[in-house]
Number of protein chains: 2
Amino acid sequence: MQTDLQISRQSATLRVKVEETLRQAIASGRFKPGQRLVERELCEMLGVGRTSVREAMRQLEAEGIITSYPHKGPVVSTITYEEAQQLYTVRALLEGFAGQQFAEHGTAADITTLQAAVVEFEAAAESGVGARLIDAKNAFYNCLMDGSKNVFVRQMLTALHNRINLLRMTTMTQPGRLAHSIAEIKDIANAIQNRNGPLAAAACKFHIDQAAKVALEYLRKNAAPES
Amino acid sequence: MQTDLQISRQSATLRVKVEETLRQAIASGRFKPGQRLVERELCEMLGVGRTSVREAMRQLEAEGIITSYPHKGPVVSTITYEEAQQLYTVRALLEGFAGQQFAEHGTAADITTLQAAVVEFEAAAESGVGARLIDAKNAFYNCLMDGSKNVFVRQMLTALHNRINLLRMTTMTQPGRLAHSIAEIKDIANAIQNRNGPLAAAACKFHIDQAAKVALEYLRKNAAPES
DNA sequence: GATTGACAGATTGTCTGATAATCTTTTTAA
DNA sequence: TTAAAAAGATTATCAGACAATCTGTCAATC
């Protein structure tokens with residue numbers, strides 16, 4: 001019975017739309033880390049009541065992308081150097097795990113999808129269009145997370161990605177990084193296709209460790225946060 | 001409904017207390033998985049307004065211990081057998097990591113605290129007092145998580161523990177399990193004290209895997225809920 | 001008898017206004 | 001100059017209202 005006749009049903013509740021809008025606004029840099037988010041301003045900006053804004057805030061707070069202080073209100077979360085380190089460390093752990101599970105338990109269809117994502121990623125890189133590259137990267141990671149066949153791993157990695165976004169740092173735009181990135185991603189896909197779990201895990205970990213190296217180096221240079 | 005869950009309204013924010021109270025109420029089985037949480041009833045029960053209840057709901061929803069459906073309201077989350085498997089799998093991964101980090105980077109003070117927790121755990125086991133045992137177990141895990149020196153690992157493990165609590169299953173109360181549990185915990189502490197990272201990781205993983213085995217076996221027997 | 005449609009009741013979703021609590025800044029007093 | 005007090009701003013919470021949506025009931029229809 002379930003055919004593809006779904007009505008768009010413009011997102012379930014207003015609150016969810018507010019969440020999505022704000023998440024996007026933060027991820028895109030419209031709101032910067034450390035910036036205060038004043039309730040009244042958000043209400044006017046979004047054209048919704050305080051209820052919706054406040055409830056959305058609680059959600060974003062739980063996700064860690066905003067931090068709110070009692071009686072002072074929410075602020076876009078900032079990430080210290082140490083936290084960034086920790087973030088990349090646990091991301092490497094979880095993505096390594098996801099890669100391993102994918103290699104060992106992923107379906108043939110999963111692998112086909114992954115290969116397609118790799119091809120698109122290469123094409124996007126060659127096209128030089130930033131947005132397309134970002135989409136391709138996200139598609140790849142999404143596929144990888146699904147391949148883990150573990151809802152919780154997916155949730156946690158999604159949360160980590162959101163928080164890493166706060167760094168507003170695309171390691172891929174660093175000179176020479178993109179080429180390496182492509183090669184690393186190919187290694188991951190190959191290891192998975194060969195059903196080599198440990199190698200897939202190592203490849204994933206290596207990929208993230210490299211990205212971390214670039215990102216942390218960048219953070220160290222572009223001096224610290226005065227807050 | 002009873003009013004035996006009254007909140008003492010003092011410092012912090014009311015909303016946070018509501019969160020804590022409800023989290024506790026769910027963890028203790030006062031509210032059971034699948035049970036609906038009607039807004040108005042919660043307001044009366046807690047003696048607070050809808051604002052505080054609704055915002056607390058958003059937080060608990062983000063934590064995964066309740067699930068809410070648009071225009072129908074929240075229910076206490078249920079966990080399927082497959083989800084329980086995944087939960088224990090990723091918990092083993094993260095706790096293994098925490099153990100390894102502890103062994104490799106924990107301070108002497110951390111180790112002292114951990115040893116104390118082990119001693120208390122043994123004493124609690126001998127005393128036969130359930131509440132004391134639970135406290136001791138929590139203290140041990142808290143110490144372990146802190147030892148990881150990684151805020152995100154701590155957050156994720158806390159979230160996982162909360163969700164495992166939904167199973168309302170204390171593997172330790174299974175016949176013969178407690179003795180094994182103590183032995184396993186000692187192994188963990190010893191590996192850490194000897195600064196043997198890989199061994200600590202293995203010990204942590206083994207401990208969780210054993211608990212998972214017991215829990216999953218129990219779940220399989222006590223037939224699946226059809227919801 | 002089973003399905004459909006209309007209706008009523010219940011609950012959530014959202015808005016608004018009001019008040020208390022708390023933080024921040026400015027002003028005043030010593 | 002520093003400390004205390006007052007003023008201003010913002011959040012935290014409550015209460016009431018209304019709309020939107022879900023659920024169950026019951027009669028009408030085939």
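Naming: A, B, ... by sequence-line order, numbering from 1 per chain.
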Problem set entry | Under 4.0 Å protein heavy-atom contact, by nucleotide of nucleotides 8-17 of chain C - B base, S sugar-phosphate only | ---SSBBB-B
[Y]/[X] salt bridge by N-O under 4.0 Å criterion:
X	Y	answer
Glu217(A)	Lys213(A)	no
Arg23(A)	Glu63(A)	yes
Glu120(B)	Arg132(B)	yes

Seminar exercise, completed: So side chain to side chain donor-acceptor pair (under 3.5 Å) across residues 137-147 of chain B, not counting sequence neighbours, yields Arg91(B)-Tyr141(B), Tyr141(B)-His207(B), Asn142(B)-Arg154(B), Asp146(B)-Arg154(B)
Without placing hydrogens or testing angles, list every side-chain donor-acceptor pair under 3.5 Å for residues 33-45 of chain A, not counting sequence neighbours.
from, atom 1, to, atom 2, distance (Å)
Gln35(A), OE1, Lys32(A), N, 3.1
Arg36(A), NH2, Lys72(A), O, 3.1
Glu39(A), OE1, Arg54(A), NH1, 2.7

